[in-house]
Asks: 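Before I ask anything, here is the structure I am working with.
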Number of protein chains: 2
Amino acid sequence: MTIQSSTSERAILEAAEREFMSKGYDGAKTQSIAKTAGVTHAMLHYYFRTKENLFNQVFKEKTGIMMQSIISAFQDTKGSFIERLQKGIEAHFDFLAQNPDLPRFVINELISKPERAELLKERVKDVAGNIAGKLQKEMKELIAACEINDIKIIDLLLDIASLNLFVFIAFPIVKNFSGFFYKSDKEFLEARKKETTQIIINRLLNKQYAV
Amino acid sequence: MTIQSSTSERAILEAAEREFMSKGYDGAKTQSIAKTAGVTHAMLHYYFRTKENLFNQVFKEKTGIMMQSIISAFQDTKGSFIERLQKGIEAHFDFLAQNPDLPRFVINELISKPERAELLKERVKDVAGNIAGKLQKEMKELIAACEINDIKIIDLLLDIASLNLFVFIAFPIVKNFSGFFYKSDKEFLEARKKETTQIIINRLLNKQYAV
DNA sequence: GCTGTTATTAACAAGATTGTTAATTAAAGA
DNA sequence: TCTTTAATTAACAATCTTGTTAATAACAGC
């Protein structure tokens, strides 16, 4: 009947992950986490000492995954710029589909306690170095050669982020309406993925209208 | 030295608004709200009885404003479909610029307690009746006449919502990067507004690429 | 000025929540 | 086996949080 340390610790972490992700830091209660994990709540403090500590461990892991997903999505080097961009958007969307509450969690916690940005500074640098640098250079060349429309890299990335992330950030709400137009969540999300790539490529390749 | 009832009640509501909007329901504390309002915390319960009650009043008002802003933005009837759409997107963006933490607040509270959707059911019907109905009819005709590209109304609205809302939902984070490309927040937001209209119009008017 | 209503205060109560501690049990190594 | 370390438990403590209540003060109408 005895439970080994590593098992308890892991159980707590997993329960914490679910609780923090679904309720946020303030909404999560250590007692509830301990209960879900099947241990006394003293165990939680034994392993992690404070709620903040436990949270930070979860937060760090989640932001790490999120940053890594961006690098993975855009690291392919085969094909044209547009082809790679499309593949990247789709890969990132697929990642989000498997981690749908990640963006809302990270954004909320980052905003409610901005100091937490410290915990992912390194990862942000990774992404900036890995993606933004190369991307910017390539885009400048293509823009100069008139192969894609003029656009600042931050605007392109924000367009993609907005379109890819928003559906998931607001999914429980959006879901109420998608049912009128799509048979299933899956079909709806597939359509969103396609729509996002479509709209981004149109932005880059078609002639621009004065706005 | 005496403070009149209506003054206290209003002070509490205003303090509650700020506290709930910035910290969310769980993060907000009635004592803190009372302190900010400059009244004893018994006063808060005297006027609003429960935290939930006070919250609902704030929430109802905020969602009302949010829904109304959508109706106002898209109610103009002059000009072509594209012109009205562009004006609507810009008006909605301008509204958000003046209420930047509204979307995150509403989305979060709606998701953490889905029952709250009840509080805005009527307003949603207003918007659906006011916007979606007319829009859908008009779009179908334009699509049939090949004047705009084929797109489901929900996808168009989601594109607009994503692009318009995301910047504000994640503003405190995005802000850290916009500084490299834009001189001021204002300039950055102006660029985002333009970018959003640009990308939407391109989506509707330009030829589509196979994706 | 008297009366009834409304506003305000201070004190308290119940329960939740985070965290600690001392004692107990299990595990591991010599 | 004995000893040391790690894991676990139950009980407690401090603080926070929401909410109540009884007493007091302000006010409005008569």
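First the proteins, then the strands, lettered A, B, ... as listed; each starts at 1.
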Asks: Let me know the distance between NE2 of His45(A) and C1' of dT18(C), rounded to the nearest Å.
Replies: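 It is 5 Å, rounded to the nearest whole Å.
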Asks: Round to a whole Å and report the spacing from CZ of Phe48(B) to C1' of dA7(C).
Replies: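 Atom CZ in Phe48(B) sits about 14 Å away from atom C1' in dA7(C).
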Asks: Is the closest side-chain donor-acceptor distance between Glu19(B) and Thr36(B) under 3.5 Å?
Replies: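 No, because no side-chain N or O of Glu19(B) sits under 3.5 Å from a partner of the opposite role on Thr36(B).
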Asks: Strictly by salt bridge (charged side-chain N to carboxylate O under 4.0 Å, His left out), give each pair with a member in residues 169-180 of chain A just once, sequence neighbours left out.
Replies: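 Counting only pairs at least two positions apart or across chains, the salt bridge (charged side-chain N to carboxylate O under 4.0 Å, His left out) contacts touching residues 169-180 of chain A are Lys175(A)-Asp185(A).
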Asks: I'd like to compare against my own output: the B/S/- annotation of nucleotides 10-17 of chain D with a strict under-4.0 Å heavy-atom distance to protein.
Replies: B------B
Asks: What about the rings of Phe20(A) and Phe55(A), do their centers lie closer together than 6.0 Å?
Replies: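 Yes.
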Asks: Grab the CD1-P distance between Ile12(B) and dG19(D) for me, whole Å please.
Replies: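 Nearest whole value for this atom pair: 14 Å.
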Asks: Tell me whether the OP1 or OP2 atom of dT6(C) has a side-chain N or O from Tyr46(B) closer than 4.0 Å.
Replies: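 Negative; the distance criterion is not met.
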Asks: Please report the distance, rounded to the nearest Å, between CD in Glu9(B) and C1' in dT8(C).
Replies: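 Distance, rounded to whole Å: 14 Å.
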Asks: Between atom CG in Asn53(B) and atom P in dT18(D), what is the gap in whole Å?
Replies: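 From Asn53(B) CG to dT18(D) P: 14 Å.
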Asks: Can you measure Arg49(B) atom CZ to dT6(C) atom C1' for me and round it to whole angstrom units?
Replies: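 Computing the Arg49(B):CZ to dT6(C):C1' distance gives 18 Å.
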Asks: Expressed in angstrom and rounded to an integer, what is the separation of Tyr47(B) atom OH from dT5(C) atom P?
Replies: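 Whole-Å distance recorded here is 17 Å.
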Asks: So, Gln86(B) versus Glu90(B): side-chain donor-acceptor pair below 3.5 Å or not?
Replies: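 Result is yes, a qualifying pair exists.
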Asks: Should Glu190(B) and Lys193(B) count as an ion pair when the cut-off is N to O under 4.0 Å?
Replies: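 Looking at Lys193(B) together with Glu190(B), the answer is yes, because their closest N to O distance falls below 4.0 Å.
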Asks: Taking CG from Leu54(A) and P from dT17(C), how many angstroms apart are they, rounded to a whole number?
Replies: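 About 16 Å, once rounded to whole Å.
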Asks: Looking only at side-chain atoms of Met43(B), point me to the closest of dT20(D), dT6(C), dT9(C).
Replies: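 Of dT20(D), dT6(C), dT9(C), dT9(C) is nearest to the side chain of Met43(B).
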Asks: Please say whether the positively charged group of Arg116(A), taken as NZ for Lys or CZ for Arg, lies over the ring of Tyr25(A), i.e. under 6.0 angstrom from the six-membered ring centre and within 45 degrees of the axis.
Replies: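 Yes, a cation-pi geometry.
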